[in-house]
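From a predicted model like this one, the values you see are computed outputs, not experimental measurements. Reckoned from all heavy atoms, side chains included, excluding hydrogens, waters and symmetry mates. Residue numbers count from 1 along this sequence.
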Amino acid sequence: ALVNMYGKRGNIEDARRMFRKVSERNLFSWNTMIAACAQHGYGEEAFRLFQQMQHEGWRPDKVTFLNILSVCTNPQALALGKLVHAHVVDDGFESDVVVGTALVKMYGNCRSFKDGCLLFNKMPERDVVSWNGMMTEYIRYGNGKESFKLFWQMQQEGVEPDTVTFISILNACTSLEALTLGRLVHSQLVEWGYKPDIVVGTALVNMYGKCGSIEDARMVFDKMPLRDVVLWNAIIGGYAQHGHGKEALHFFQQMQMEGMKPDETTLINVLNACSHAGLVNEGLFYFNSMSQSHDIMPTLEHYNCVVDLLGRAGQLDEAERFINRMPFQPDAVTWTTFLCACRSHGCIDLGRHAAECALQLDPQSASSYVILSNMYATAGRWKDVAKVRNLMIDKAIKKEPGRSWIEVDNRVHEFVVRDRSHPQTEEIYAELERLRQQLKRAGYVPDTNLVLHNVEEDQKECLLLYHSEKLAIAFGLISRPRGAPLHITKNLRICSDCHSAAKFISTIIGQEIVVRDANRFHNFKNGVCSCGDYW
């Protein structure tokens, strides 16, 4: 009892002392000491005890295995985890659903995802916790599609989802930007008898906001009887990402009027809202009043938000002075943020300095090389472009390819530039050609300055036409009902030519086009973008 008491309090030294005094140890005392070590960061000692108990003739039970598996939380512990797994098999616990679930989680924590999948598929019995654990692992490894398959499969096998299941699958919708699937899950929640709950409600607000429907996010938020700071952060962050800065600030003021104290994340969302909406004075006001008004000391992330705020507004000299006066050492994010601002405003000299500083801190950063190369290309400095690209080759640094994806009939379709891998490639390219002719008649002129290759003008126009964003739009037009909004996601920043084309296309087809890029949402409607061409 004393070992248990000291262990739960985290007083491991006293727990050890009492354990040594136990003359006749039983399985409970071994488990208690192993649990105390495992729970308070003494993993190696827990494993030594695990081995010692067996040397002294004690066979582990389910509790023993659950305690020792909780120690295996990183790739370095994989060998240990596999050794414990072997003991689980030898002692006949492999068919135990709780131990099996713990093993799946262990393999996930140790970055051995395939082993976890194999084990899960072999489990003779799987409860809702097992299914939830496997779905979580798929989402963690960026495979939201497979988590959806598990979601439907578990129900086909008669396992009823619980709150954790729905939160996991809503997070999968968020990672895939799968709005239709998210709405389907929401409707199932309602059928399931869901009553407003802060955790699920926050997951819904987050999902709708990040999947492009801030209106649905607002509807869920308004129906919540109770709101905590995480829920407020979700709605403020949603409006910030959609570029609705004033609405985000309205919610920030409302949360304070309702007595809710903001936290660090709240202020990051507020500063981002000001940055995306060009509200420089408001952003500086909230930043300067953080400590006095909200008792929150600004972190480096808050300072980086201000660099972004000033940089987007073209106040590059002020942004550089702000960086030099920061009480923190600038990190790679600071300089990359400033570099992006220099690119947007065509300031090559400051941009080169920012790139050099960013690469000193993160020499393998492909984005810094690419942005600098693009700046040189835009200015027609092809020799400098070649130098940067040769540096990337010498250092084996590869640029992340631009990808766009769109959800159609509960499937996510992905495209890259000049993509011809889709089964409907011929129809997609025919639709693009039809759009090209309509765009030309409507007055759209391709921005060939954005083509970062030294080629002829007609080749540049061709390269622009087959950007991944335009391919996704064309596929959406031939695949979705006329009038239905098109929701597209881009892994990088949308290029200004695709931005311009999307405005024209929204007028030509009379449809709303929502594009989520790496930074924010762009809602194109009747020839206008919600960002106000400020991004």
Side-chain angles (χ1 to χ4, degrees), residues 113 117 134-155 165-188 203-204 206-214 216-217 238 241-242 400-429 431-432 466-481 484-494 498 502 505 511-524:
F113 184 62
C117 289
M134 196 67 241
M135 278 191 282
T136 300
E137 293 307 320
Y138 271 118
I139 295 164
R140 187 201 295 193
Y141 283 87
N143 199 336
K145 295 178 186 178
E146 289 300 320
S147 68
F148 265 101
K149 290 180 182 177
L150 287 182
F151 179 63
W152 305 127
Q153 185 184 343
M154 71 179 284
Q155 294 173 77
T165 316
F166 282 112
I167 291 171
S168 296
I169 208 64
L170 286 169
N171 288 337
C173 295
T174 301
S175 67
L176 290 170
E177 289 87 31
L179 180 61
T180 305
L181 286 170
R183 284 177 171 150
L184 190 62
V185 173
H186 190 181
S187 66
Q188 190 172 352
L204 282 167
N206 196 42
M207 180 275 293
Y208 279 126
K210 290 184 177 178
C211 289
S213 181
I214 195 65
D216 284 323
Q241 198 167 29
H242 282 262
E400 180 184 8
R403 294 187 178 88
S404 297
W405 52 96
I406 181 171
E407 179 197 0
V408 174
D409 295 332
N410 297 336
R411 281 191 59 211
V412 177
H413 301 258
E414 185 176 294
F415 299 90
V416 296
V417 64
R418 298 191 298 279
D419 199 332
R420 286 190 170 271
S421 63
H422 197 278
Q424 292 176 257
T425 291
E426 295 305 319
E427 297 97 313
I428 293 168
Y429 275 68
E431 179 67 13
L432 263 182
Y466 301 134
H467 274 193
S468 63
E469 299 97 310
K470 296 187 182 82
L471 290 168
I473 290 173
F475 176 66
L477 291 176
I478 65 173
S479 305
R480 291 180 60 84
L486 301 181
H487 288 265
I488 292 158
T489 303
K490 175 78 184 284
N491 65 326
L492 306 176
R493 182 180 185 267
I494 186 173
C498 287
I505 294 170
Q511 282 179 247
E512 184 180 358
I513 302 172
V514 181
V515 178
R516 178 187 176 186
D517 71 6
N519 298 320
R520 57 169 297 151
F521 279 93
H522 299 266
N523 192 312
F524 301 95

Contact between [X] and [Y] at the side-chain level, heavy atoms closer than 4.5 Å - yes or no?
X    : Y    : result
M154 : T165 : yes
F521 : I214 : no
Q241 : K210 : yes
N491 : W405 : yes
N523 : H242 : no
C117 : M134 : yes

To the closest 0.5 Å, what do you measure between [atom1] ([X]) and [atom2] ([Y])?
X    : Y    : atom1 : atom2 : value
I488 : I473 : CD1   : CD1   : 4.5 Å
F415 : R403 : CZ    : CZ    : 13.5 Å
R480 : E407 : CZ    : CD    : 7.5 Å
F148 : N143 : CZ    : CG    : 12.0 Å
F166 : M207 : CZ    : CE    : 12.0 Å
H422 : S479 : NE2   : OG    : 6.5 Å

Are the aromatic rings of Y466 and Y429 close, with centres under 6.0 Å apart?
->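 Centroid distance Y466-Y429: below 6.0 Å, so yes.
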
Identify the heavy atoms of [X] and [Y] that sit nearest to each other, and give their distance.
X    : Y    : value
S404 : A472 : CB-CB, 4.1 Å
Q511 : P481 : NE2-O, 4.1 Å
K490 : E469 : NZ-OE2, 2.9 Å
S168 : T136 : OG-OG1, 3.6 Å
L471 : R418 : CD1-N, 4.0 Å
A474 : L432 : CB-CG, 3.9 Å

D419 side chain vs S421 backbone, donor-acceptor pair below 3.5 Å = yes

Take the angle between the ring planes of H413 and F475 and call it parallel below 30°, perpendicular above 60°, tilted in between.
-> tilted

Please tabulate, for the side chains in residues 179-186, all donor-acceptor contacts under 3.5 angstrom to protein atoms that are two or more places apart in sequence or on a different chain.
from : atom 1 : to   : atom 2 : distance (Å)
R183 : NE     : D216 : OD2    : 3.2
R183 : NH2    : D216 : OD2    : 2.7
H186 : ND1    : Y208 : OH     : 2.8

Will you find, in the side chains of H522 and D517, an N or O donor that is under 3.5 Å from an N or O acceptor?
-> yes

Output all residues satisfying ring-ring contact (aromatic ring centres under 6.0 Å, His included) with Y141, sequence neighbours left out; order by chain, then residue number.
-> F113

